Amino acid sequence: MKTNQLPTQRSKWSMQNTVMKLSVRVRGDWFAVPCKGGDNIKWLADEALRRYYKKKLPSGPEVEKVHEVRKTKGGALLDFDDGVKDVLDDNDFVTVVLESDVSSPVSLPSEIVYVEEKIPKHVAGFQHEKEYLALDGESMSTDDLLRLGRGQYYIKLTEESKQKVKKARKLVEELVNSKKPVYGVTTGFGKFANVTISKENLVELQENLIRSHAAGVGSGLSPERTKMLLALRINVLAKGYSGISLETLEKMIAAFNASCLPWVPEQGTVGASGDLAPLSHLALGMIGEGKMWSPKSGWAEAKFVLESHNLTPIKLKPKEGLSLINGTQFITSIGCEALERSEAIARQADIIAALSLEVLKGTSRAFDSKVHAARPHKGQIKVAHRMRGLLHSDTYSSEVSESHRFCNRVQDAYTLRCCPQVHGVVTDTLDFVRTIISTELNSATDNPMVFADMAEIVSGGNFHGEYPAKALDYLAIAVHELANMSERRVERLVNPALSELPAFLTAEGGLNSGFMIAHCTAASLVSENKVLCHPSSVDSLTTSAGTEDHVSMGGFSARKALKVVQHVEQVLAIELLAACQALEFLRPLKTTAPLEEVHRLVRTLVPAWTRDRYMSPDIQAITKLLQEEKIWLTVKPMIDHYHSVQDIETRVFSPTSTEPDLYTGATNGTNGPSPKRRRLGRTTSSNNLK
């Protein structure tokens with residue numbers, strides 16, 4: 001018996017004496033606390049509190065009580081009596097909340113909080129990355145960057161980029177050893193460019209640069225956007241013009257792959273010399289200072305987060321601090337998201353406008369290809385082409401359209417009739433912005449730049465953010481028009497004098513208010529956008545004691561462009577809800593198959609209104625639907641089908657036409673003989689499209 005029990009007793013003894021190391025936070029300060037297997041949570045909290053007072057009040061501890069103990073990641077509440085080994089793992093992160101913190105939350109300002117439930121699932125699941133994306137500084141696309149931000153790829157360098165990085169670093173080291181003055185390598189920065197730094201202080205020079213320039217303020221970037229920023233900076237460094245060492249670059253890649261993400265505040269960059277403040281915060285975490293987040297640890301001191309992933313902080317070498325922070329990657333990464341979301345909502349704005357036109361009983365004659373061939377702007381033609389595939393035709397007939405075929409309305413309001421002209425220039429502007437952003441994604445924006453092939457380091461101005469700043473100001477101005485048009489269509493939908501529909505799209509007006517305040521929300525967002533569309537890149541303030549006498553203000557261009565896009569998505573969500581509700585009042589008539597599919601998709605998330613209900617969740621649900629591009633992905637194959645089978649346009653009746661209507665032979669609203677229906681190409685049953 002004793003022989004059989006001996007291994008068990010030894011096992012218990014071993015477990016009780018196994019030392020675990022935990023990171024424990026008390027009021028924003030972090031302590032590494034070693035624990036034995038037999039210790040419980042209460043002991044852990046008391047020991048962390050003891051260490052806190054030893055640091056803060058060495059003359060004597062203050063009497064405090066622990067209110068609760070939680071896991072930092074996820075916030076799970078820990079019972080005081082539970083054994084440490086039973087509820088925690090080695091290198092876990094724990095937060096101790098004191099009773100005084102509950103009534104006066106001293107700990108909150110120093111703690112940078114991400115509520116885990118608010119992190120998108122595709123972001124929270126960073127650990128599930130499977131594939132590698134090889135970066136070379138030459139071929140990153142906007143879609144690549146968004147996918148990297150969502151945690152869909154790990155990063156690695158191409159062999160060619162590794163060699164470029166090594167050659168540039170070799171040149172930097174040669175110049176350092178030669179003791180020649182090189183800006184930012186052996187000299188100070190900005191106004192201090194003429195101050196020569198001794199060789200023994202070159203590393204301190206780079207560290208001081210990062211610490212002093214990490215002076216941003218405001219809300220921190222989300223994990224997804226921080227990951228995009230880090231990925232883009234790695235891509236630019238991979239070009240081999242910065243002089244960074246391969247060792248340092250690979251540590252950045254390791255941090256990216258482990259999703260160890262520094263805290264980066266949104267405000268502080270003037271967009272020249274590059275995005276110094278946000279990129280300095282990014283670099284600060286990489287050298288093990290400041291705050292850092294990972295899915296495993298939550299927020300903690302950067303050195304603890306790196307250590308918990310078996311990573312070590314970067315030890316800067318000459319020029320490397322400057323290499324990490326000089327560039328336009330904050331503007332460009334935020335702008336990349338704004339561009340992708342703008343293109344997505346622009347495509348879907350055409351579909352929503354077509355549905356509004358349909359329920360307002362408008363005519364499709366304004367989208368005739370002959371009209372747009374006479375003014376052949378690329379975007380205008382594209383939008384008209386798209387709308388013809390959605391509205392009444394031989395391929396997709398509409399009972400709603402048939403119901404008002406012989407009305408005497410000659411033309412519709414501008415927000416219906418002029419969609420190709422207004423939505424079209426949005427599309428063309430976004431195409432222009434894409435050329436700028438795509439180039440910027442793969443551009444070297446350092447200063448000075450290291451040219452290993454000619455053995456020279458050259459000071460230039462590639463850090464200046466005017467290109468992406470101007471482009472993103474254009475983007476905001478352009479995409480805002482989608483909401484400007486949409487809000488006016490919402491007004492037509494809810495106004496019975498303009499729509500011939502029940503006021504505010506509710507059957508019992510008075511008892512119910514319907515879409516009354518939803519329209520007000522749309523109007524308020526459009527009004528905000530008009531302020532946000534003022535271009536920040538027209539402003540410039542001299543900085544660095546007159547050395548940097550023109551700046552781009554591109555950081556704000558990017559941030560407000562993204563806010564404008566968000567508002568546009570929300571306004572169009574309101575219009576889509578209103579148009580679908582309007583269609584309910586036209587039943588049992590059916591619209592075209594593509595627009596019926598839009599209605600069906602919306603109704604899977606939001607039922608029709610028969611009486612007033614809490615509306616905000618419905619707007620949020622449809623906004624998310626648009627952000628995920630589900631409307632576009634559902635309808636695009638049907639638009640493509642229309643254009644593949646119908647090579648001759650369906651030209652519906654117009655009261656101003658002397659040509660007979662193709663279906664009835666009527667002219668000018670009078671019934672005439674019905675000729676044989678003209679076949680305009682192969683027709684396909686809508687059932688075959690599902």
Side-chain angles (χ1 to χ4, degrees), residues 141-143 338-358 362-396 412 414-438 471 474-486 489 565 568-569 572 575-576 579 592-595 597-598 626 629-652 680-681:
S141 69
T142 55
D143 182 63
L339 174 61
E340 285 280 334
R341 287 172 63 175
S342 293
E343 290 176 336
I345 198 61
R347 289 188 286 266
Q348 294 172 113
D350 298 342
I351 299 168
I352 295 168
L355 181 57
S356 291
L357 180 138
E358 178 79 345
T363 177
S364 61
R365 285 310 298 268
F367 312 122
D368 192 306
S369 62
K370 289 185 177 296
V371 172
H372 304 286
R375 193 195 192 196
H377 289 295
K378 180 182 174 183
Q380 178 177 330
I381 290 171
K382 182 185 291 186
V383 173
H385 180 270
R386 196 172 284 160
M387 295 189 78
R388 288 196 300 273
L390 294 164
L391 296 167
H392 180 70
S393 66
D394 245 18
T395 305
Y396 300 127
D412 296 311
Y414 290 0
T415 53
L416 300 171
R417 189 185 354 148
C418 299
C419 283
Q421 290 81 0
V422 180
H423 290 199
V425 74
V426 175
T427 299
D428 286 343
T429 303
L430 294 179
D431 286 346
F432 166 75
V433 173
R434 174 164 286 280
T435 64
I436 300 295
I437 296 299
S438 296
Y474 298 157
L475 180 148
I477 293 168
V479 77
H480 161 66
E481 277 320 308
L482 299 177
N484 225 358
M485 294 275 280
S486 176
R489 290 193 296 265
V565 175
V568 172
E569 293 166 343
L572 279 156
E575 182 189 357
L576 179 54
T592 64
L595 297 181
E597 192 62 19
V598 171
L626 294 172
E629 282 200 86
K630 289 186 178 178
I631 295 292
W632 172 249
L633 295 173
T634 298
V635 174
K636 183 182 183 299
M638 303 180 81
I639 298 174
D640 293 342
H641 173 76
Y642 163 85
H643 290 291
S644 71
V645 301
Q646 187 162 333
D647 53 4
I648 301 176
E649 290 173 38
T650 301
R651 292 190 166 93
V652 299
L680 303 178

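Here the structure is a predicted model, which means the values were calculated and not measured.
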K.L.:
Quick check: do T415 and V422 have side-chain heavy atoms less than 4.5 Å from each other?
P.N.:
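Of all side-chain heavy-atom pairs linking V422 with T415, none is under 4.5 Å.
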K.L.:
In chain order, what residues pass the salt bridge (charged side-chain N to carboxylate O under 4.0 Å, His left out) check against E343, with sequence neighbours excluded?
P.N.:
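Listed in chain order: R434.
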K.L.:
Provide the closest heavy-atom pair for P420 versus V383 in the form atom of the first, atom of the second, distance.
P.N.:
CA-CG1, 3.6 Å
K.L.:
Atom CG in L357, atom CZ in R489: separation rounded to 0.5 Å?
P.N.:
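One finds 9.0 Å between CG of L357 and CZ of R489.
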K.L.:
Looking at R417 and A366, what are the two nearest heavy atoms and their distance?
P.N.:
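Smallest interatomic distance, heavy atoms only, reads CG-CB, 3.5 Å.
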K.L.:
Identify, with sequence neighbours excluded, every residue that meets side chain to side chain donor-acceptor pair (under 3.5 Å) alongside S369.
P.N.:
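Partners of S369 under the side chain to side chain donor-acceptor pair (under 3.5 Å) test: E649.
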K.L.:
Can you sort out the partners of V425 under side chain to side chain contact (heavy atoms under 4.5 Å, CB included), two or more places apart, ordered by chain and number?
P.N.:
T429
K.L.:
Side chain to side chain donor-acceptor pair (under 3.5 Å) with T634: which residues, sequence neighbours excluded?
P.N.:
none
K.L.:
Going by ring-ring contact (aromatic ring centres under 6.0 Å, His included), name the residues that satisfy it together with Y414, two or more places apart in sequence or in a different chain.
P.N.:
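Result, ring-ring contact (aromatic ring centres under 6.0 Å, His included) vs Y414: none returned.
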K.L.:
For L572 versus A349, what's the shortest heavy-atom pair and its separation?
P.N.:
CD1-CB, 3.9 Å
K.L.:
Using the test salt bridge (charged side-chain N to carboxylate O under 4.0 Å, His left out), find all partners of D428 that sit at least two apart in sequence or belong to another chain.
P.N.:
none
K.L.:
Give, for atom CG of L482 and atom SG of C419, the distance between the pair rounded to the nearest 0.5 Å.
P.N.:
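Nearest 0.5 Å value for the CG-SG distance: 9.5 Å.
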K.L.:
Contact between L576 and V598 at the side-chain level, heavy atoms closer than 4.5 Å - yes or no?
P.N.:
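Sidechains of V598 and L576: in contact.
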K.L.:
Just how far is it from atom CG of D368 to atom CZ of R388, taken to the nearest 0.5 Å?
P.N.:
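If we round to the nearest 0.5 Å, D368:CG and R388:CZ are 7.0 Å apart.
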K.L.:
Could you give the distance from CE (M638) to CD (E597), rounded to the nearest 0.5 Å?
P.N.:
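Answer rounded to 0.5 Å: 5.5 Å.
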K.L.:
What's the separation between atom NZ in K636 and atom CD in Q348, rounded to the nearest 0.5 Å?
P.N.:
13.0 Å
K.L.:
Whether the side chain of E481 engages the backbone of I477 through a donor-acceptor N/O pair (distance < 3.5 Å, no angle test) should be reported.
P.N.:
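Pair absent, no side-chain N/O of E481 close to backbone of I477.
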K.L.:
Heavy-atom distance under 4.5 Å between the side chains of E629 and E340, does that happen here?
P.N.:
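They are not in side-chain contact.
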K.L.:
Please assess I351 against L355 for the test side chain to side chain contact (heavy atoms under 4.5 Å, CB included), listing each intermediate value before the final yes or no.
P.N.:
CA-CA 6 Å; I351 299 168; L355 181 57; 6.0 Å; no
K.L.:
So, using side chain to side chain donor-acceptor pair (under 3.5 Å) as the criterion, who are the partners of S356 when residues are at least two apart?
P.N.:
E575
K.L.:
What residues form a side chain to side chain contact (heavy atoms under 4.5 Å, CB included) with S364, not counting sequence neighbours?
P.N.:
F367, L391, V652
K.L.:
With rounding to the nearest 0.5 angstrom, report the NE2 to OG1 distance, H392 to T650.
P.N.:
7.0 Å
K.L.:
Quick check: closest heavy atoms across P376 and I381, and the distance to 0.1 Å?
P.N.:
CA-CD1, 3.6 Å
K.L.:
For H423, check side chain to side chain donor-acceptor pair (under 3.5 Å) against everything at least two apart and list the hits.
P.N.:
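Scan of H423 (side chain to side chain donor-acceptor pair (under 3.5 Å), adjacent residues dropped) gives D350.
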K.L.:
Taking side chain as C-beta onward, heavy atoms only, is I352 less than 4.5 Å from L626?
P.N.:
yes
K.L.:
Can any side-chain N or O of T435 pair as donor or acceptor with the backbone N or O of F432 at less than 3.5 Å?
P.N.:
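A pair under 3.5 Å: yes.
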K.L.:
If you take all heavy atoms of I437 and L339, which pair is closest and at what distance?
P.N.:
CB-CD2, 4.2 Å
K.L.:
Report yes if the side chains of V426 and L430 come closer than 4.5 Å at any heavy-atom pair, otherwise no.
P.N.:
yes
K.L.:
Filter on side-chain hydrogen bond (donor to acceptor under 3.5 Å, both in side chains), then keep only pairs touching residues 373-382, sequence neighbours left out; what's left?
P.N.:
H372-Q380
K.L.:
Show, in sequence, the C-alpha distance, side-chain angles and deciding distance for H643 and R386, and conclude whether the side chain to side chain contact (heavy atoms under 4.5 Å, CB included) test is met.
P.N.:
CA-CA 9 Å; H643 290 291; R386 196 172 284 160; over 6 Å; no
K.L.:
Between L475 and V565, is the side chain to side chain contact (heavy atoms under 4.5 Å, CB included) condition met? List the steps.
P.N.:
CA-CA 9 Å; L475 180 148; V565 175; 4.0 Å; yes
K.L.:
Minimum heavy-atom separation for A483 to V568, with atom names?
P.N.:
CB-CG2, 3.9 Å
K.L.:
Look at the side chain of S644 and the backbone N and O of H641, then say whether any donor-acceptor pair between them is shorter than 3.5 Å.
P.N.:
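Side chain of S644 to backbone of H641: a pair is present.
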K.L.:
Take I639 and W632, measure what side chain to side chain contact (heavy atoms under 4.5 Å, CB included) needs, and give me the verdict at the end.
P.N.:
CA-CA 10 Å; I639 298 174; W632 172 249; 4.3 Å; yes
K.L.:
Are the side chain of Y642 and the backbone of P594 linked by a donor-acceptor contact shorter than 3.5 Å?
P.N.:
no
